[in-house]
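Values below: every heavy atom of this structure, side chains too, minus hydrogens, waters and symmetry copies. In what follows, every chain begins at residue 1, and chains take the letters A, B, ... in the order their sequences are listed.
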2 protein chains.
Amino acid sequence: MSNFAKPAANRKYHHGDLRQALIDAAVAIVAEEQNWNFSLREVARRAGVSHNAPYNHFAEKRDLLDAVAAVGFDTLRLAMASALEGAADAGEAMIAIARAYVSFAAGNPALYRLMFGPELAAPDGVRPELAETSGAGAKAILRDVVVRGADDGLFTVSATEETSIGMAVLAAWSAVHGLSMLIVDGKTEAAAKPDVLVDGLMTLVIDGLRRR
Amino acid sequence: MSNFAKPAANRKYHHGDLRQALIDAAVAIVAEEQNWNFSLREVARRAGVSHNAPYNHFAEKRDLLDAVAAVGFDTLRLAMASALEGAADAGEAMIAIARAYVSFAAGNPALYRLMFGPELAAPDGVRPELAETSGAGAKAILRDVVVRGADDGLFTVSATEETSIGMAVLAAWSAVHGLSMLIVDGKTEAAAKPDVLVDGLMTLVIDGLRRR
DNA sequence: ACCTGAACACCGTTCAAGT
DNA sequence: ACCTGAACACCGTTCAAGT
């Protein structure tokens, strides 16, 4: 029964925080195997518990997938937020967050695919509430930049007309999400120099916004 | 042994064309259940054969998934090609094929997800040859329209500079693919009126192209 | 409240065997 | 050449039971 001076983790024997340990294990497996086909039993094995212990924290496997995706959305949101800081104007800001976005996707392809995969959007009977909220952080940041550009007179979107702003946000998000997916899926050979692609793509979108 | 006048399908008892029957069954299941989580055994059951018969035509399950995806890519290519016909200029053509593209994705979400899913792009060790060729048809059509627009002086991309054209194609594909994915994944609430979205998005991209 | 172990119905894949 | 049936190692999920 000698305690091997493990900081403060497994004192309770009831594992302390199995829920988080399971999420961590799942995230690690996704990163290692570059796909999200892990089995619940493998995650349990890695966390050192029986294959049924996870059911105390997740009603079904999909709930664990949701939790993993949530980690991804948090990381993405933080990366975008910190990329935003040095930007002088809305144009720079748009390019900076686009770079951060695509860089995250390219660096975590399997996680990114899980985030935008079917498990969250359409399990069996669809879970609209999750689908709506999961990308909300990224979308909100994009929206802020578009509004900022409209206020500064940089983009020619009417800052009050909600449809016009919504369209601009959708255009930016589609471009950035589409490029990310094409890179992640290996559909474009130019994935080696993503920043060049992102810059070109976003200036094109920004130019389009100027013209409206 | 009386033959029930089935046209000419199952005369050989060895099923005639099991390979195609399996593909058809798989496509049908994907459309019905709106996901590609079907089991090989279910496909075999539906085709009326033992659960091992598929292995005579597909070395592993992923090969059947590839075949299903190929059906999707063919359908998409044909839809784009026929949408192209009535277009007067490159701008109209761009919008027409974009509409066809997004409409296909919105109408066949599960199939579209399979086409751009991880199974084709990064099975375990990646299959670049498949990833490169699978989207080639759609990409080629987009490229033709961009080149046509450049020749007509409608888009300001240098028709000779390969990078510039490649960038324009990538921009168009990213936009259209990104919007499709966002709709398919339920990340945008405006999925009810996709044509409005497509038109707005593509005019924006086209305006961006004019400006370069 | 949290965890374990046995059990159930299912899978993908392999192998020997049938025609 | 194509198909079947038994078999293997795995899964997700449930249930009774332990602490």
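- Taking every heavy atom of both residues into account, Asp185(A) and Gly117(B) meet most closely at OD1-O, 4.3 Å.
- Here the closest non-hydrogen pair linking Met167(B) and Val196(A) is CE-O, 4.0 Å.
- Distances shown here put a side-chain N or O of His57(B) below 4.0 Å from the OP1 or OP2 atom of dC3(D).
- Rounded to whole angstrom, the span from the CG atom of Asn56(B) across to the P atom of dC15(C) amounts to 14 Å.
- Taking only side-chain atoms of Ala53(B), from C-beta outward, the nucleotide of dC3(D), dC3(C), dT13(C) with the closest atom is dC3(D).
- Between Leu22(B) and Pro54(B), the shortest heavy-atom contact is CD1-CA, 3.8 Å.
- What separates CG of Leu40(A) from P of dT4(C) is a distance of 13 Å, to the nearest Å.
- For Arg41(A) and dT4(C), the shortest distance from a side-chain N or O to OP1 or OP2 is not below 4.0 Å.
- The distance from atom NZ of Lys61(A) to atom P of dT13(D) is 8 Å, rounded to the nearest whole Å.
- Atom-to-atom, CZ of Phe58(A) to P of dC3(C) comes out at 11 Å; the value is rounded to the nearest Å.
- Pairing of dG18(C), defined by two Watson-Crick or G-U wobble distances under 3.5 Å, is identified with dC2(D).
- Counting to the nearest Å, the C1' atom of dT14(D) and the CG atom of Asn52(A) are 8 Å from each other.
- A close approach under 4.0 Å does occur between a side-chain nitrogen or oxygen of Ser39(A) and OP1 or OP2 of dC11(D).
- A perpendicular orientation is assigned to the rings of Phe104(B) and Tyr112(B), their planes being inclined by more than 60° (bins at 30° and 60°).
- When the C1' atom of dA6(D) is taken as reference, atom NE2 of His51(B) falls 8 Å away, rounded to whole Å.
- Pairing for dC8(D) goes to dG12(C), judged as Watson-Crick or G-U wobble with the two contacts each under 3.5 Å.
- Nucleotide dG12(C) holds its C1' atom 13 Å from the CZ atom of Phe38(B), rounded to whole Å.
- Summarising the geometry, the separation between OH on Tyr55(B) and C1' on dT14(C) is reported as 9 Å, rounded to the nearest angstrom.
- Relative ring orientation between Phe116(A) and His177(A) is described as tilted, the plane-to-plane angle lying within the 30° to 60° band.
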